[in-house]
Amino acid sequence: MLMGDSTKNMTNSEKLELARDALWPNYAPPADIVFVRGVGSELIAENGDAYLDFLSGIAVTSFGHAHPYLVKILQQQAQNLWHTSNLFRIPAAEVLAKRLVENCFADKVFFSNSGTEAVEAGIKAIRGYQNSCGNEDRYRIIGFGESFHGRTLAALAAAGNELHTKSFIPLDYGFDNVEWENIDALRAAVTANTAGIVLEPVQGEGGIRPITTEFLQAVRDLCDENDLLLMFDEVQCGLGRSGKLFAHQHLGVTPDIMALAKGLGSGFPVGACLTTEAVAQAMVVGAHGSTFGGNPLAMAVANGVMDLVLEPGLLDEVSRKSDIIKTGLINLIAEHSDKLESVHGLGLMLGLKCKVPSADLLAKLRERKILVGTAGNNMLRLLPPLNISDTDIDRAIKLIDDSLGEF
Ligand SMILES: *Cc1c(COP(=O)(O)O)cnc(C)c1O
């Protein structure tokens with residue numbers, strides 16, 4: 001309903017208060033800050049306050065806000081063509097797919113609009129592949145505890161977090177869930193019905209936990225021995241965030257399928273599911289699709305993001321900055337050993353394990369005008385833009401130091 005006569009005599013902020021009630025309450029209560037503008041690593045609130053952004057919309061705005069190169073690309077594309085559907089060729093999608101596969105294990109790409117859709121496409125591809133091999137009984141997929149794969153039904157079932165699944169998923173939906181990094185439990189969970197395994201090379205929401213090379217290699221071997229497909233969910237840790245283009249490239253183990261999203265559009269919604277040729281062959285005409293996925297606007301921006309990520313030296317810079325932040329945080333731990341425990345993560349996907357409640361530290365940091373996140377396991381989650389400056393890193397460390405002094 002449009003806001004009609006009943007709101008005629010209201011002020012703008014009264015109308016906004018009413019409109020706020022029209023949203024599902026599932027992020028309630030969101031922080032009571034309205035941002036009106038973003039510039040680089042800063043977000044500007046209605047009242048003019050500038051916040052240092054060490055959250056990046058949860059690992060999304062990988063090159064900060066209003067990056068001039070990306071703004072220009074978006075504006076040019078917006079003037080020419082927004083959408084055609086995949087009933088017609090979209091050259092920018094073909095080019096982006098080619099660039100993605102040239103830089104990893106994959107041969108083929110499906111574009112979606114979000115992370116959970118990319119995961120969902122991968123889950124279908126696992127089952128579709130097994131089916132195409134005549135393994136109709138192989139439909140079950142194993143996920144790991146404390147994982148997060150998104151909010152659609154199959155992605156929820158894959159992560160198996162009861163808090164998320166209990167009102168929505170009857171029975172087991174064809175998924176099994178195993179304790180993180182428990183290879184014996186994983187071996188025991190593989191049956192004649194198992195089709196594949198899905199995991200995050202660096203667990204994000206679950207607590208910024210990079211997987212060990214030994215475990216990942218053991219999972220790969222188990223997949224190879226049992227004809228299972230292995231899917232990596234790099235929705236959060238992929239696209240340069242780890243200091244390599246894809247986080248699994250730190251570990252030397254490759255999957256058959258990989259989901260991407262978050263950083264791929266630096267704020268423009270876009271996701272991708274990458275697969276080997278063999279897996280892609282199962283996704284025949286009619287097997288999958290998307291109306292919006294890979295549309296010209298999204299593809300123009302994502303190609304622009306690829307230009308920036310693949311610029312020589314960018315990934316080395318991510319690693320260098322990661323080291324600076326880690327050193328800064330380790331110094332803070334020494335200084336505040338009663339409040340902080342340890343530093344975790346890869347590249348610019350960092351977790352600071354707290355002894356005080358991480359949500360309290362987040363609140364104090366917000367008062368000092370710096371935005372961060374939290375993650376499972378009492379982690380403060382730091383996700384600055386990949387092009388964050390050394391000066392802003394120093395600022396962030398100082399602000400964390402000051403905030404800890406307040407406890
Ligand atoms: C955020 C996230 C998703 C879900 O992405 P959406 O775009 O919110 O659907 C899936 N997997 C991982 C690892 C994520 O961090």
Side-chain angles (χ1 to χ4, degrees), residues 23-24 26-27 30 55-62 110-126 141-161 163-165 168 175 177 180 196-211 216 230-242 246-248 250-251 255 257-274 290 292-295 298 301-302 305 344-351 372-377 379 381-383 386:
L23 285 176
W24 279 19
N26 43 19
Y27 279 91
L55 178 62
S56 303
I58 322 187
V60 168
T61 46
S62 36
F110 168 77
F111 287 112
S112 66
N113 313 286
S114 65
T116 199
E117 284 174 86
V119 169
E120 197 90 12
I123 288 168
K124 280 182 70 175
I126 292 175
I141 291 165
I142 300 175
F144 290 92
E146 290 163 286
S147 296
F148 183 77
H149 298 302
R151 300 284 187 165
T152 55
L153 290 172
L156 286 180
N161 179 341
L163 197 74
H164 296 161
T165 56
F168 308 109
F175 289 82
N177 200 263
W180 181 242
I197 296 175
V198 52
L199 60 85
E200 294 162 81
V202 185
Q203 280 192 332
E205 310 297 311
I208 313 295
R209 259 189 293 215
I211 202 164
L216 196 57
L230 180 56
M231 167 161 141
F232 291 166
D233 178 348
E234 292 222 17
V235 168
Q236 188 163 160
C237 61
L239 249 295
R241 180 129 311 261
S242 74
F246 302 113
H248 71 266
H250 286 280
L251 300 155
I257 301 171
M258 174 169 68
L260 298 176
K262 290 196 165 91
L264 179 56
S266 196
F268 199 97
V270 54
C273 182
L274 283 63
S290 169
F292 295 124
N295 92 0
V301 176
V305 171
H344 301 260
L346 276 180
L348 292 175
M349 180 175 176
L350 293 169
V372 298
T374 58
N377 218 8
M379 290 282 176
R381 184 161 34 157
L382 304 177
L383 300 162
L386 304 184

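Only heavy atoms go into these numbers, but all of them, side chains included; no hydrogens, no water, no symmetry mates. First listed ligand is number 1; within each ligand, the first listed atom is number 1.
- Counting only distance, with no hydrogens or angles, the side chain of S242 and the backbone of G347 share no donor-acceptor pair below 3.5 Å.
- F232 and H248 have tilted rings, their planes meeting at an angle from 30° to 60° on a 0 to 90° scale.
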Output block, N or O contacts of ligand 1, threshold 3.5 Å exclusive:
| from | atom 1 | to | atom 2 | distance (Å) |
| --- | --- | --- | --- | --- |
| ligand 1 | 7 (O) | G115 | N | 2.8 |
| ligand 1 | 9 (O) | G115 | N | 3.4 |
| ligand 1 | 9 (O) | T116 | N | 2.8 |
| ligand 1 | 11 (N) | F148 | O | 3.3 |
| ligand 1 | 11 (N) | D233 | OD1 | 3.3 |
| ligand 1 | 11 (N) | D233 | OD2 | 2.7 |
| ligand 1 | 15 (O) | Q236 | NE2 | 2.8 |
| ligand 1 | 15 (O) | K262 | NZ | 2.6 |

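- No donor-acceptor pair under 3.5 Å is formed between the side chain of N161 and the backbone N or O of L156.
- Contact check for P201 versus F246: no side-chain heavy atoms found under the 4.5 Å cut-off.
- Proximity of L199 to I211: side-chain heavy atoms (C-beta onward) are separated by under 4.5 Å at one or more points.
- The line from CZ of R241 to CG of L350 is 9.0 Å long, rounded to the nearest 0.5 Å.
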